[in-house]
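Here's the structure we're looking at; comments come further down.
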Amino acid sequence: MNSIGRYFSNFFKALKSLLIGMKTTLKIFFRKKTTECYPENRKKDLYISPLYRGRLEMIHTADNYHHCVACGICQMNCPNGSIHVESEMVTDAEGKKTKVLKAYTYDLGRCMFCELCVRTCPHHAIQFTNQFENAVFTRSKLILTLNHPGSSLQPKAAAPKPAAAPSISAAAASAAPAAPAAASAPKAADTTPAATPASASASPATAKAPESEATLPLNSESTNK
C-alpha cells in the first residue's frame, strides 16, 4: 500500500514539474524575438549593451593627454598578468624627478575581463569598451599598447591664488565704529580766542563803577552839622 502511494505521489510531482517547464517554454515562444541578425545588421541597428566588457582601453583627451601616473596598481591586481606597465624617471625644469608612463602593454588573449584593473585604478585612467570583434589569426596581434604615440600625463590645473588678506590698519578701521560728527568737528569754543577777564570784557554800559564817598548818602548827623 505504501509503495502505491509513493508511486502516485511521485507521478503528480513529476507532472507538476513538467507543466511548469511547458509554461516557461510557451511564454518564451510567444515573446518578442531578441535575436540579432549579425553580421547583416552590424552597421545598421546592432545593439550591444554598454556594460559589455570587450576590450580594455586607456582614456585620452582631445589634446592626447591621459591620466595614468604609472603607479602599477592595475598590474598588481590583474589575476592573469595581462597588463604590464613600463615607466621611467624624468627630470622637469625645476630639477624634480617624476615617474612617467613609457608603455602600457595589454594582452587581450590572456584577459579574463574581470574589470579588477578598472575598479582599482585611483585616477580612472582605463576603462572597458563594448567592442567585441577582436578575433585575429595571429596571437601576437592581441598584444596591444594602450597609450597613444606622443601622449603624456595631463598637467594639473593651476590652483587659484588665495585672496590677499586685508592689512591690520584697514581691518581695524573697518571694525572700529564710526566716530560721531560732533567729536570729529572742532568745537566752536576751541576756535575762539581765550576768554578775557570779566572786568576787561564787560561793556562800559554794563560795567558798574566803584562807588566813591561822594556818592554815598549822607547820614543825618553829618547833615545837621
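- Connection of I83 to V69 is not established within any shared hydrophobic cluster, with ILVMFWY side chains joined at heavy-atom distances below 4.5 Å, either directly or through further cluster members.
- Atom-to-atom distance recorded for C114:SG and R53:CZ is 7.5 Å, nearest 0.5 angstrom.
- Side-chain N or O atoms of K99 include none that pairs as donor or acceptor with a backbone N or O of S87 at under 3.5 Å.
- Interatomic distance, NE2 of H123 versus CD1 of I73, reported as 7.0 Å (0.5 Å rounding).
- Atom CE of M89 and atom OG1 of T98 lie 6.5 Å apart (nearest 0.5 Å).
- No donor-acceptor pair under 3.5 Å is formed between the side chain of N41 and the backbone N or O of E36.
- Annotation: the span from I59 atom CD1 to Q154 atom CD amounts to 11.0 Å, rounded to 0.5 Å.
- Under the 3.5 Å distance criterion, the side-chain polar atoms of N64 are matched with a main-chain donor or acceptor of P149.
- Sparse packing is recorded around OH of Y65, with 12 or fewer heavy atoms of other residues, nucleotides or ligands lying under 6.0 Å away.
- Between the S9 side chain and the G5 main chain, no donor and acceptor come within less than 3.5 Å of each other.
- Here the side chains of Y104 and I126 are in contact, with some heavy-atom distance below 4.5 Å.
- Atom CE of M22 is surrounded by 12 or fewer heavy atoms from other residues, nucleotides or ligands within 6.0 Å.
- With N80 contributing its side chain and R110 its backbone, the two residues share a donor-acceptor pair below 3.5 Å.
- Heavy atoms only, all atoms of each residue included: A125 and H67 are closest at CB-C, 3.7 Å.
- Nearest heavy atom pair, residue N134 against residue R55, reads OD1-NH2, 2.8 Å.
- Cluster membership check: Y47 does not share its hydrophobic cluster with F132, using side-chain heavy-atom separations under 4.5 Å among Ile, Leu, Val, Met, Phe, Trp and Tyr.
- Under the 4.5 Å side-chain contact rule for hydrophobic residues, I4 and F12 share a cluster.
- With a 4.5 Å cut-off on side-chain heavy atoms, V85 and C74 count as touching.
- Rounding to the nearest 0.5 angstrom, the gap separating the CZ atom in F128 from the CD atom in E57 is 10.5 Å.
- Using a 4.5 Å cut-off between side-chain heavy atoms of Ile, Leu, Val, Met, Phe, Trp and Tyr, with links allowed through other members, L146 and L108 fall into the same hydrophobic cluster.
- Counted within 6.0 Å of OH on Y38, heavy atoms from surrounding residues, nucleotides or ligands total more than 12; the atom is thus considered enclosed.
- In this structure, L144 is a member of the same hydrophobic cluster as V136, with clusters built from ILVMFWY side-chain heavy atoms closer than 4.5 Å.
- Using a distance-only test at 3.5 Å, with no hydrogens or angles considered, a donor-acceptor pair links the side chain of N147 to the main chain of K102.
- Atom-to-atom distance recorded for H148:NE2 and M58:CE is 8.5 Å, nearest 0.5 angstrom.
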